Amino acid sequence: MPIRLHDSLTRTPRELKPAQPDGIFRFYNCGPTVYAPAHIGNFRTFVVNDVIRRLLELEFGPDKVKHVRNLTDVDDKTIKRARDEGRPLSDVTKQWTDKFHADCAALNCLPPHVEPAATTHIKEQVDMIDVLMQKGNAYRAADGSVYFKVSSFGDYGALSRVKERELQVGSALKATAADADEKEDVSDFALWKAHKPDDGANAWDSPWGRGRPGWHIECSAMSKKHLGDTIDLHTGGVDLLFPHHENEIAQSQCCNGTTFAHHWYHSEHLLVDGKKMSKSLGNMYPLDEIVAKGFSPMALRYALLMGHPRKQLSFTLDSMHAAESALNKIRGYAKDLCKLRNLTFEETFTKSPTLPLIPQVLGSVLKDFLGRISDDINTPAAFGILFSGIERNWKWIGDHADDPTSWVQNQKEFQTSIDELRLMLFVLGLNLNTPTTLEVERPSAITALAEKRWAAKLAKDFAGADALRKELTAAGWSMLDRKDGYSLEPLKK
RNA sequence: GGCGCGGUCGCCAAGUGGUAAGGCCGAGCUCUGCAAAAGCUCUAUCGGCGGUUCGAUUCCGCCCCGCGCCUCCA
């Protein structure tokens, strides 16, 4: 099913397809700056991009998609962090790169095929700057920094529709006045930053003296190296649209003399308490904080996909509760299907399906689902289809509970439902068979209380049992009875 | 000031020129020592005012409110 995706440049939905004759779809996604844990807003973008990646694999084949996502491991923030903590830059970036990888894995994001880092692509960046200098698109300032000359690129501003930055912003630009002193024009941006004392040991040699690359050039250089001069899709969060992506276009097209990206896609922000996350508001949640409140990473993934990726999404703890419950509903359905087919849930849903597995004959639910999600990644609409399908099938199952003969007759249909569900979950990247709660150490006192209550219950001392359950609740634990035993879990906050 | 997005049930959130998916929560029912879990059932006329139309939540205009970008930022 063709994938249509909104293109930020033409501001219209366009079909995705590989432009090169080799049929490889070239996909570049701006990655994180590794100086601190990524927050859930960052992960919204990465999760959405992961869904795009999965859809691309489904459409073109797993070996026909090349997904590159960079790591920004040298910039003001990473350097400051290293300086503040008195350790080498690479130490800091290694720590947070590892953390980022662990979080992505917990969120079931497929790793990109290439994950280039800025510091290991200095030469590529210098080479590009060199070409820009030769072509007259860049100039060296008195302090040794090199700037891109925005006025040399006539198409500048096509993406953001900002004809050159508005000069009347006043306050905002005054803040960077010190930097602007060296530039010929406030709109110009740094390609190479001359070494400053604050940079410490983090400097590389270049034809223009020691220094470090500017932020924008890294993506242009790494994209060129790993995907070539022209790529099929370039993505990132909306805040990168200007100036980052605008600058990338300017650098790459001036350097390479050809179209940089055929398609641009930007996902919107996650809002917490109605506002964008920021340090000053103190509403930047890393994954760990969500997990510490008792929620599963998979529920976070679900919550991040609850809204249309190109619309701001309000995030609250309520949405985590909703996500956890919704996920549970899907899980219950999956388990019922497995029972009907006499399969074990763990084996059937443990792994994401291996592509290609798309059934030749699509069921109507899967067809509708793929139709919605392939139409500009409409995840909320896709969830709607998914749940409507579940409800229909579940009702059928309920209506035929007393009719085992019908089960035997419908084995094929059950299997289709399982296959459909597995494929939908693959696209969404939802793995049902992950821990639903945090692995918390259970204090022995709590275990003792629970055992005591269970004994009281078996002895039909219901008053005593109820009192003991109240004690457990007060201690922050939830004890639920089943026929053959009980479950004991920490309450979610 | 420039550019852009949005206001749909208590919360989150799709969608359509002909009277509104889904999830969560809530209520009722079934089940059940209780509670829970689970399943079933039920719950909206789409920010305001005009206009176009046989008919608008969906198109146009104005207004009100909210958010984002323009500075490092997913």
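In this text, all values refer to a predicted model and were calculated from it rather than measured experimentally. Every chain is numbered from 1, with letters handed out A, B, ... down the list of sequences.
Rounded to an integer number of Å, the gap from F242(A) CZ to rC72(B) C1' is 13 Å. In this structure, the NE2 atom of H216(A) is 10 Å from the P atom of rU71(B), given to the nearest Å. Atom NZ in K275(A) sits roughly 11 Å away from atom P in rC69(B) (whole-Å rounding). The nearest whole Å value for the distance from the CD1 atom in I330(A) to the P atom in rA38(B) is 13 Å. Rounded to whole Å, the distance from NZ on K276(A) to C1' on rC5(B) is 14 Å. Rounded to whole Å, atom P of rC25(B) lies 14 Å from atom CG of L317(A). Summarising the geometry, the separation between NZ on K457(A) and P on rG33(B) is reported as 8 Å, rounded to the nearest angstrom. In this structure, F383(A) atom CZ and rG23(B) atom P are separated by 12 Å, rounded to whole Å.
Annotation: rC63(B) and rG1(B) have their P atoms spaced 13 Å apart (nearest Å). One C1' atom belongs to rC62(B), the other to rC69(B), and the distance between them is 26 Å to the nearest Å. Separation of the C1' atoms belonging to rA56(B) and rG61(B) is 15 Å when rounded to the nearest angstrom. The separation of rG50(B) from rA14(B), taken at their P atoms, amounts to 29 Å, rounded to a whole angstrom. The same atom, P, is picked in rU57(B) and in rU8(B); the two are 15 Å apart, to the nearest Å. Nucleotides rA13(B) and rG23(B) have their P atoms positioned 16 Å apart, rounded to a whole Å. Using atom P as the reference point in both rG47(B) and rA20(B), the two lie 15 Å apart (nearest Å). rG7(B) and rC46(B): their C1' atoms are spaced 10 Å apart (whole Å).
The base of rC34(B) lies close enough to the side chain of D481(A) for a donor and an acceptor atom to sit less than 3.5 Å apart. Judged by atom type and distance alone, H308(A) does not reach the base of rA14(B) through any side-chain donor-acceptor pair under 3.5 Å. Below the 3.5 angstrom threshold, one finds a donor paired with an acceptor across the side chain of R469(A) and the base of rA35(B). For D466(A) and rG33(B), a side-chain-to-base donor-acceptor distance below 3.5 Å is present, hydrogens and geometry of angles not being considered.
Residue S478(A) is classed as having no contact, given no heavy-atom separation below 4.0 Å to the nucleic acid. Here G237(A) lies in heavy-atom contact (under 4.0 Å) with sugar-phosphate atoms only. Residue S319(A) is out of contact with every strand shown, counting any heavy-atom pair closer than 4.0 Å. Using a 4.0 Å heavy-atom distance criterion, L313(A) is classed as a sugar-phosphate-only contact. Using a 4.0 Å heavy-atom cutoff across all strands shown, G236(A) reaches sugar-phosphate atoms only and no base atom. G332(A) comes within 4.0 angstrom of no nucleic acid atom, judged by non-hydrogen atoms across all strands. Contacts of H321(A) with the nucleic acid, taken as non-hydrogen atoms under 4.0 Å apart, are absent.
With RNA chain B read from its 5' end, the first of the two nearest nucleotides for A463(A) and D336(A) is the one closest to A463(A). Nearest-nucleotide positions on RNA chain B place R310(A) closer to the 5' end than the other of S267(A) and R310(A).
Side-chain atoms of A322(A) lie closest to rC24(B) of the nucleotides rC24(B), rA14(B), rA38(B). Each of rG4(B), rA74(B), rA14(B) was ranked by its minimum atom distance to the side chain of R11(A); first place goes to rG4(B). The side chain of S314(A) approaches rA13(B) more closely than any other nucleotide in the set rU41(B), rA74(B), rA13(B). Distance from the side chain of W394(A) is smallest to rA38(B) among rG68(B), rA38(B), rA74(B). When distances are taken from the side chain of N378(A) to each of rA74(B), rC3(B), rG15(B), the shortest belongs to rG15(B). Distance from the side chain of K77(A) is smallest to rC72(B) among rC72(B), rA36(B), rC12(B). Checking rA74(B), rC72(B), rA14(B) against every side-chain atom of K311(A), the shortest atom distance belongs to rA14(B).
The side chain of S325(A) places an N or O atom within less than 4.0 Å of a non-bridging phosphate oxygen (OP1 or OP2) of rC25(B). At the phosphate of rA38(B), neither OP1 nor OP2 sits under 4.0 Å from any side-chain N or O atom of K329(A).
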Exercise for the section: Assess whether side chain to side chain contact (heavy atoms under 4.5 Å, CB included) is satisfied between T344(A) and C338(A), documenting all intermediate values. Expected result: CA-CA 6 Å; T344(A) 63; C338(A) 288; over 6 Å; no
Practice task
Carefully, step by step, assess K80(A) and D84(A) under the rule salt bridge (charged side-chain N to carboxylate O under 4.0 Å, His left out).
Solution key: CA-CA 6 Å; K80(A) 182 174 188 308; D84(A) 289 351; 2.8 Å; yes
Problem - Steps toward salt bridge (charged side-chain N to carboxylate O under 4.0 Å, His left out) verdict (R69(A), E115(A)) - result: CA-CA 5 Å; R69(A) 186 181 63 206; E115(A) 193 173 43; 3.5 Å; yes
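Atom-to-atom distance recorded for H39(A):NE2 and L287(A):CG is 12.5 Å, nearest 0.5 angstrom.
Nucleotide rG39(B) forms a pair with rC29(B), judged by Watson-Crick or G-U wobble geometry with both contacts under 3.5 Å. Here rU19(B) sits opposite no nucleotide as a Watson-Crick or G-U wobble pair (both hydrogen-bonding atom distances under 3.5 Å). Pairing for rG10(B) goes to rC24(B), judged as Watson-Crick or G-U wobble with the two contacts each under 3.5 Å. The partner of rC59(B), taking Watson-Crick or G-U wobble pairs whose two distances both stay under 3.5 Å, is rG51(B). Pair assignment for rC46(B): none, as no Watson-Crick or G-U wobble contacts are both less than 3.5 Å. Pair check for rG1(B) finds rC70(B); Watson-Crick or G-U wobble, both atom distances under 3.5 Å. A 3.5 Å limit on both hydrogen-bonding distances identifies no Watson-Crick or G-U partner for rC34(B).
Within a 6.0 Å sphere centred on NZ of K99(A), other residues, nucleotides and ligands contribute more than 12 heavy atoms.
The side-chain ring of F387(A) is not stacked on the base of rG22(B), judged by centre separation under 5.5 angstrom and plane angle under 30 degrees.
None of N431(A), N108(A), D50(A) except one satisfies the side-chain hydrogen bond (donor to acceptor under 3.5 Å, both in side chains) rule with R301(A); the exception is D50(A). Checked options H234(A), H113(A), H263(A), H67(A); the residue passing with Y28(A) is H234(A) (criterion: ring-ring contact (aromatic ring centres under 6.0 Å, His included)).
Using modelled atom types and a 3.5 Å distance limit, the side chains of D75(A) and T78(A) yield a donor-acceptor pair.
The cationic atom of R469(A) (NZ for Lys, CZ for Arg) does not lie both less than 6.0 Å from the six-membered ring centre of Y486(A) and within 45° of the ring axis.
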